[in-house]
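Let me begin by presenting the structure, written as structure tokens, before commenting on it.
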Amino acid sequence: MTQTNDYPRDIIYSRMLGLVSEQELDTLAGKTIAVPGCGGVGFTHAETLVRMGVGGIKIADFDTFGPENFNRQFGATTHTVGLKKAEVLRERLLSINPALRIEVFDGISANTLDHFLDGVDVLCDALDYFVIEPRIKMYRKARELNIPAVVSCPIGFGGTLHHFSPQSMAFETYFALSDAMSETDKLLNFGIGLDPLRLHRAYLQDAQLDFEKRKVASLSSACLLATTLTATFTLAKLLGRELFFKPVPYVYQIDYLAGKFEETYVADGVTGLLNRIHETQP
């Protein structure tokens with residue numbers, strides 16, 4: 001294995017052996033992932049996958065840490081208030097693997113998207129829920145570049161996973177999005193498609209979305225669960241192992257408080273879900 005400054009990879013990643021082979025660790029060293037968003041799920045997506053041997057990463061976020069992030073965002077402490085999330089994460093990742101290939105972007109935009117996705121093997125979407133327009137463009141570009149994408153959303157005491165392969169239903173098709181729609185309508189469709197089974201209804205009536213303040217209630221445990229889902233999928237994908245997770249329109253949802261783990265087939269995406277909602281309304 002290659003050296004990482006004073007710490008050889010065969011020491012750093014030795015506890016992975018038995019679950020992955022030395023050859024697979026070498027494969028991971030040559031892979032690159034993209035993690036847009038360095039907050040509640042993005043920070044731990046990035047750290048977990050670097051700790052799992054991924055040798056290259058691109059991260060993006062324009063935001064800074066604040067005390068309102070303490071409840072769920074790793075990296076958010078009294079020492080990092082006011083600091084850029086991406087820079088805090090960069091320092092953290094390099095302290096884990098000094099030889100990591102890392103690029104930091106001040107958010108993603110039409111001007112930086114090509115560079116951000118260039119050479120990427122898997123896109124791990126960790127953008128804030130309310131960031132919809134850049135997300136749409138990002139998924140379009142990933143599909144154009146033949147890059148698989150995964151998004152895991154923490155909801156209540158659980159999480160969801162959607163895998164968009166270049167051959168599967170497209171992001172805009174699944175979420176029934178069009179350029180003519182308002183931002184609010186796009187966000188509503190996005191939320192419906194992220195959470196088709198509403199497992200949290202066993203203990204909570206809604207997902208506590210506040211469109212006016214652009215906030216959503218969230219727990220650290222659910223954010224970590226989302227990272228478990230994304231990291232497990234991504235590692236398997238990078239190693240070419242047979243995947244349990246099928247691409248959309250299959251959706252995976254787990255909720256520990258509800259005691260359920262479900263695979264559901266959303267045949268017509270959000271269009272079908274909306275039709276069912278309309279059929280049940282008086």
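Because the structure is predicted, anything quoted here is derived from the model rather than measured. Position 1 is the first residue of the sequence; numbering continues from there.
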Working for side chain to side chain contact (heavy atoms under 4.5 Å, CB included), residues T234 and L49: CA-CA 8 Å; T234 301; L49 284 160; 4.0 Å; yes
Stepwise side chain to side chain contact (heavy atoms under 4.5 Å, CB included) test for T32 and V122: CA-CA 7 Å; T32 299; V122 177; over 6 Å; no
Step-by-step side chain to side chain contact (heavy atoms under 4.5 Å, CB included) determination, Y139 to D125: CA-CA 9 Å; Y139 275 87; D125 178 8; 2.9 Å; yes
More than 12 heavy atoms of other groups within 6.0 Å of Q23 CD: no
Ring geometry between H200 and Y203 (parallel below 30°, tilted from 30 to 60°, perpendicular above 60°): perpendicular
Approximate separation, where rounding is to 0.5 Å, of L238 CG and F233 CZ: 8.5 Å
Min side-chain heavy-atom separation L235-L28 under 4.5 Å: yes
Short side-chain to backbone donor-acceptor contact, D195 and R198, under 3.5 Å: yes
Derivation and outcome, side-chain hydrogen bond (donor to acceptor under 3.5 Å, both in side chains), residues K260 and Q253: CA-CA 8 Å; K260 291 184 177 181; Q253 296 194 242; over 6 Å; no
Side-chain (R90) to main-chain (K85) donor-acceptor, under 3.5 angstrom: no
Minimum heavy-atom distance between V41 and C223, given as atom pair plus value: CG1-O, 3.8 Å
Whether R101 side chain and A29 backbone form a donor-acceptor pair below 3.5 Å: yes
Interatomic spacing from CD1 in I132 to CG in L177 - rounded to 0.5 Å: 5.5 Å
Stepwise side chain to side chain contact (heavy atoms under 4.5 Å, CB included) check, E172 with I136: CA-CA 7 Å; E172 290 167 87; I136 292 170; 3.6 Å; yes
Criterion salt bridge (charged side-chain N to carboxylate O under 4.0 Å, His left out) on D106 and K84, from CA distance to verdict: CA-CA 9 Å; D106 189 21; K84 285 197 168 185; 3.4 Å; yes
I57 versus V50, closest heavy-atom pair with distance: CD1-CG2, 4.3 Å
Check: L93 main-chain N/O paired with N97 side-chain donor or acceptor under 3.5 Å: no
Gap between atom CG of N69 and atom CG of D63 - 0.5 Å precision: 7.0 Å
Nearest-0.5 Å distance, NZ of residue K31 to CG of residue D26: 12.5 Å
Rounded distance [0.5 Å steps], CD1 in I254 versus CG in L225: 5.5 Å
Sidechain-backbone polar pair: K58 side chain, D118 backbone, donor-acceptor under 3.5 Å: yes
Flag side-chain contact, heavy atom, 4.5 Å: L187 against Y129: yes
More than 12 heavy atoms from other groups under 6.0 Å of CZ on F105: yes
Whether R135 side chain and V131 backbone form a donor-acceptor pair below 3.5 Å: yes
Close side-chain approach of F245 and L161, heavy atoms under 4.5 Å: yes
Neighbour count >12 (heavy atoms, 6.0 Å) for atom CD, E133: yes
Nearest atoms (heavy-atom pairs only) where A231 meets T48: CB-CG2, 3.7 Å
Shortest non-hydrogen separation from V151 to F164 and the atoms involved: CG1-CE1, 4.3 Å
Transitive ILVMFWY side-chain link F190 to L197, under 4.5 Å: no
Spatial distance of atom CE (M52) from atom CE (M16) [nearest 0.5 Å]: 5.5 Å
Ring centers of F43, F74 separated by less than 6.0 Å: no
Test item: P36 and M138 side chains (from C-beta on) under 4.5 Å apart, heavy atoms: yes
Positive for side-chain hydrogen bond (donor to acceptor under 3.5 Å, both in side chains) with S152, one of T228, T160, T230: T230
Parallel, tilted or perpendicular: ring planes of F244 versus Y252, cut at 30 and 60 degrees: tilted
Linked, directly or transitively: L89 and V35 (ILVMFWY side chains, under 4.5 Å): yes
E144 with R140: basic N within carboxylate O range, under 4.0 Å: no
Heavy-atom closest contact (P247 atom, S165 atom, distance): CB-OG, 4.1 Å
Nearest atoms (heavy-atom pairs only) where D61 meets A86: O-CB, 3.8 Å
Pairwise side-chain contact, I59 with I102, heavy-atom cut-off 4.5 Å (strictly under): yes
Cluster check V266, M169: I/L/V/M/F/W/Y, side chain < 4.5 angstrom: yes
Path from L127 to L145 over hydrophobic side-chain contacts below 4.5 Å: yes
R72, CZ: over 12 other non-hydrogen atoms inside 6.0 angstrom: yes
R9 side-chain N/O to L25 backbone N/O, donor-acceptor pair under 3.5 Å: yes
Crowding at NZ, K246 (>12 non-hydrogen neighbours, <6.0 Å): yes
Joint hydrophobic cluster, V81 plus F62, side-chain heavy atoms closer than 4.5 Å: no
Short side-chain to backbone donor-acceptor contact, R51 and Y13, under 3.5 Å: no
Side-chain heavy-atom pair V150, L123 within 4.5 angstrom cut-off: no
Verdict with reasoning, E24 to R241, per salt bridge (charged side-chain N to carboxylate O under 4.0 Å, His left out): CA-CA 10 Å; E24 286 178 319; R241 294 190 179 188; 2.8 Å; yes
Donor-acceptor under 3.5 Å (T232 side chain, L229 main chain): no
Any donor-acceptor N/O pair, T80 side chain to T77 backbone, under 3.5 Å: yes
Enclosure of Y174 OH (heavy-atom neighbours >12, cutoff 6.0 Å): yes
